[in-house]
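We count residues from 1, following the sequence as given.
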Amino acid sequence: MNTVSAVKKQNSIKINRKKKKIQRNRKIIAIGILLLTLFIIGTSIKNMYISFRCSNFIYSVDYYFTHWDDKNLRLINVESISVLSKVDDSIEVEAYGFAYEKPYKRTYLIGTFIEDDKGRWHMEKVRVKETEPEQDITSDDLSEN
């Protein structure tokens, strides 16, 4: 038999369980919002840092050749660079290094950098340098000289 006090006790237990469940859900939501906010702030700080550093042309060349979206047009590390041409706020640069994709061949890439109004350098496009086919030298060719 359910007496009034037993029913009140059961109802209070149910209410306490619901309160604890709501508190737990609020904590989970608060932690989720905190983590999302920290992620957004961290990403923003990283992007601001990279944008600030890209005002240095050498850093910009190194960054964009090693972080380009297309992995076929990316280097593991820039070993050497040379400027091919400069027109107004545009510079064409040749970079040399090992390719990002296997088989890690030595690669020459040519990138076009543009300086924006804030003095930051951005790579507009990149392509693989077309190399001339190497001629095979045989012993007969050497004996003719």
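The aromatic rings of Tyr64 and Trp68 sit perpendicular, their planes meeting at an angle over 60°, well past the 30° parallel limit. Between Tyr59 and Tyr49, the ring planes lie perpendicular to each other; the angle is over 60°, past the 30° to 60° tilted range.
Distance check: Asn56 CG to Asp62 CG gives 10.0 Å after rounding to the nearest 0.5 Å. Taken to the nearest 0.5 Å, the CG atom of Leu35 stands 6.5 Å off from the CG atom of Leu38. Summarising the geometry, atom NZ belonging to Lys129 is positioned 11.0 Å from atom CG belonging to Leu109; distances are rounded to the nearest 0.5 Å. Annotation: the span from Ser82 atom OG to Ile110 atom CD1 amounts to 8.5 Å, rounded to 0.5 Å. Here the CG atom belonging to Asn72 is positioned 10.0 Å from the OG1 atom belonging to Thr107, to the nearest 0.5 angstrom. Rounded to the nearest 0.5 Å, atoms CG (Asn16) and CD (Gln23) are 9.5 Å apart.
Within the 4.5 Å cutoff, the side chain of Leu75 has no heavy atoms near those of the Tyr96 side chain. Between Ile91 and Thr112 the shortest side-chain heavy-atom distance does not fall below 4.5 Å. You'll find the side chain of Ile50 reaches within 4.5 Å of the side chain of Tyr63, heavy atoms only. A 4.5 Å side-chain heavy-atom check between Arg106 and Phe98 finds at least one atom pair inside the cut-off.
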Inset, instruction - Under the side chain to side chain contact (heavy atoms under 4.5 Å, CB included) rule, what do Ile58 and Ile81 come out as? Steps first, then yes or no, please. - result: CA-CA 9 Å; Ile58 301 298; Ile81 62 169; 3.8 Å; yes

Inset, instruction - Give the intermediate values and the outcome of side chain to side chain contact (heavy atoms under 4.5 Å, CB included) for residues Val78 and Thr66. - result: CA-CA 7 Å; Val78 177; Thr66 57; 4.2 Å; yes

Inset, instruction - Using the salt bridge (charged side-chain N to carboxylate O under 4.0 Å, His left out) rule, take Arg127 and Glu92 through it: C-alpha gap first, then chi angles, then the decisive distance, then the call. - result: CA-CA 11 Å; Arg127 61 185 166 85; Glu92 193 170 65; 3.8 Å; yes

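Linking Ile, Leu, Val, Met, Phe, Trp and Tyr whenever their side-chain heavy atoms come within less than 4.5 Å puts Val83 and Met123 in one cluster.
Other residues, nucleotides and ligands contribute only 12 or fewer heavy atoms inside 6.0 Å of the CG atom of Asp88. More than 12 heavy-atom neighbours from other residues, nucleotides or ligands sit within 6.0 angstrom of NZ on Lys86.
Aromatic pair Phe113/Trp121: ring centres not closer than 6.0 Å.
Ser60 and Cys54 get closest at one heavy-atom pair: CB-O, 3.9 Å. Across Val93 and Phe65, no two heavy atoms sit closer than the pair O-CZ, 4.1 Å.
Between Glu115 and Arg120 there is no salt bridge, since none of the side-chain N atoms of the basic residue sits less than 4.0 Å from a carboxylate O of the acidic one.
At least one donor-acceptor pair under 3.5 Å links the side chain of Ser55 to the backbone N or O of Phe52.
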